[in-house]
Number of protein chains: 2
Amino acid sequence: MAPTRRGRATYHHGDLPAALVRATLEIIDEVGVRGFSVAEAARRTCVSPGAPYRHFADRDALLAAAALEVSRRLRAIYLETVAEVGSAQERLATVAGSFVRAAARYRGGLDILFAPGLRAAHPELQESSREFVALLLPSAFEVIAPGEGAEAAVALLDALNALARGYVAQLLEGKFGDPEEVAEDVATRATRAARVLVAGYGLPSGPADG
Amino acid sequence: MAPTRRGRATYHHGDLPAALVRATLEIIDEVGVRGFSVAEAARRTCVSPGAPYRHFADRDALLAAAALEVSRRLRAIYLETVAEVGSAQERLATVAGSFVRAAARYRGGLDILFAPGLRAAHPELQESSREFVALLLPSAFEVIAPGEGAEAAVALLDALNALARGYVAQLLEGKFGDPEEVAEDVATRATRAARVLVAGYGLPSGPADG
DNA sequence: CATTCAATGTATGAGCCTCTCACATCAATC
DNA sequence: GATTGATGTGAGAGGCTCATACATTGAATG
């Protein structure tokens with residue numbers, strides 16, 4: 001959306017923040033978070049090394065903005081993928097799997113989305129995850145044993161969330177082999193495990209009482 | 001075990017690698033991974049900034065060594081904690097919870113133990129996790145439905161692993177509040193979810209077929 | 001149109017970090 | 001006691017983050 005052609009002929013950029021976020025995602029995709037630097041992002045955007053700091057307080061703020069963009073894309077994927085799944089049970093179970101599949105494609109992106117330091121320091125990131133989870137709440141309510149309260153539904157979602165993230169982490173660190181190759185396999189395993197959780201939390205006197 | 005007193009009066013240190021790992025864990029505990037630097041570790045060990053590079057190829061190698069130390073401590077905790085649990089089912093379920101509890105105490109340590117980049121680049125870290133998981137394999141075999149093969153046992157352990165790590169991640173990023181405070185609560189929830197998984201994978205025609 | 005102003009980008013630089021290389025020091029061996 | 005290999009030192013190259021002072025510009029105002 002920059003008003004000028006690439007390489008930029010005007011003094012002002014047009015939409016530097018967005019361009020920086022794009023550059024950041026590019027870099028991370030190519031060389032990982034460790035290889036990312038604000039300076040490099042500036043370079044790719046044809047802008048001086050100091051310019052980014054007009055828009056982002058510090059390095060982490062830029063990373064957080066990029067992570068937010070990733071979470072937006074993930075939600076879009078989710079909406080497309082799961083909308084057509086019929087039963088609430090399957091809908092919940094499917095999420096875990098499609099999450100794993102997305103992780104394989106957005107490799108670098110997920111690394112920042114789940115970077116511990118970032119999430120702790122930038123609540124808006126957690127907020128976005130929470131909104132995402134909220135989309136699933138109605139399904140969770142359908143699924144839990146009748147008579148259970150809201151905590152049961154939330155507990156189920158937390159468990160599913162934990163499960164999915166754990167599989168994603170293991171996938172991305174290459175525990176099962178090349179992420180690209182094993183993604184589908186791991187996704188089905190994640191779905192399977194999710195199904196077990198969903199079924200378990202649906203039983204009458206299930207896990208509600210320890 | 002340095003042959004000289006703290007502060008060091010001799011030219012040679014005695015056991016610089018170990019001292020650097022200790023310093024690294026200290027630093028990470030105080031200021032997090034982001035605040036860690038090889039230079040700082042060297043400073044705390046009263047050694048020149050270049051000295052660490054005699055023993056560790058680069059920054060990440062030192063971090064990986066520290067992470068390895070963390071994993072060793074975790075295993076020790078596990079052996080103490082779970083040895084006395086009677087049934088295989090409860091043993092497996094308990095692991096998840098005690099893992100969460102350990103995370104609250106070794107906060108910084110877990111951050112590096114699960115740092116995606118590190119694990120991907122340093123297979124010995126994954127290896128150590130794998131050994132840890134192997135300790136649980138016998139319990140997993142006891143638990144799975146009779147007639148299932150080894151894959152079922154491994155699949156269960158993978159699922160438990162994913163679940164535990166996911167809870168740990170959420171705990172450490174403060175999703176549930178101050179990690180110290182909510183640790184116990186989250187631990188019981190993790191245990192509960194783990195119990196559901198264990199039960200589910202123990203059912204005859206359970207999750208083995210999709 | 002001319003002017004002014006706030007926003008945005010530039011230039012410069014201080015301070016820190018990673019990692020390298022030549023050199024100093026020491027322990028062990030022969 | 002001389003040699004040698006391992007370990008630590010000192011100096012420094014190059015890169016990065018971030019602050020500060022300055023330049024440029026589009027938009028609002030008269």
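Reminder, nothing fancy here: chain letters follow the sequence lines and each chain counts from 1. Heavy atoms only: backbone and side chains are in, while hydrogens, waters and symmetry mates are out.
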Quiz item: Given atom OH of Y53(B) and atom P of dC17(C), what is their separation to the nearest angstrom?
Solution: 10 Å
Exercise. Mark yes when over 12 heavy atoms from residues, nucleotides or ligands other than E84(B) sit less than 6.0 Å from its CD; otherwise mark no.
Key: no
Quiz prompt | Contact residues, residues 28-38 of chain A to DNA chain D [heavy atom, < 4.0 Å] | solution = S37(A), V38(A)
Quiz prompt | Rounded interatomic separation in angstrom, taking CG from L16(B) and P from dT7(D) | solution = 9 Å
Exercise. Using only side-chain N and O atoms of H55(A), determine if any of them is under 4.0 Å from OP1 or OP2 of dA7(C).
Key: no
Quiz item: If you check the R59(B) side chain, which of dC18(D), dT18(C), dG8(D) turns out closest?
Solution: dT18(C)
Self-check item: I27(B) CD1 to dC17(C) P, straight-line distance once rounded to whole Å
Solution: 10 Å
Exercise. Check whether any side-chain N or O of R43(A) sits under 4.0 Å from OP1 or OP2 of dC16(D), and answer yes or no.
Key: yes
Quiz item: Of R54(B) and E40(A), whose closest DNA chain D nucleotide lies nearer the 5' terminus?
Solution: R54(B)
Self-check item: Minimum-distance nucleotide (side-chain atoms of V47(A) versus dG10(D), dC18(D), dG9(C))
Solution: dG9(C)
Exercise. Look at R72(B) together with E131(B) and state whether they make a salt bridge at an N to O cut-off of under 4.0 Å.
Key: no
Quiz item: Are side-chain heavy atoms of L79(B) and L135(B) found at a separation under 4.5 Å?
Solution: yes
Quiz item: Side chains of E26(B) and R22(B): does their closest heavy-atom pair fall under 4.5 Å?
Solution: no
Practice problem: Side-chain contact test, heavy atoms from C-beta onward, threshold under 4.5 Å: evaluate it for Q126(A) versus E173(B) and give yes or no. | Solution: yes
Self-check item: Any donor-acceptor N or O pair under 3.5 Å, side chains R119(A), S129(A)
Solution: yes
Quiz item: Of the candidate nucleotides dC16(D), dT9(D), dC18(D), which contains the atom at the shortest distance from the side chain of A51(B)?
Solution: dT9(D)
Quiz item: Among dC18(D), dC19(C), dC16(D), which nucleotide sits nearest the side chain of A39(A)?
Solution: dC16(D)
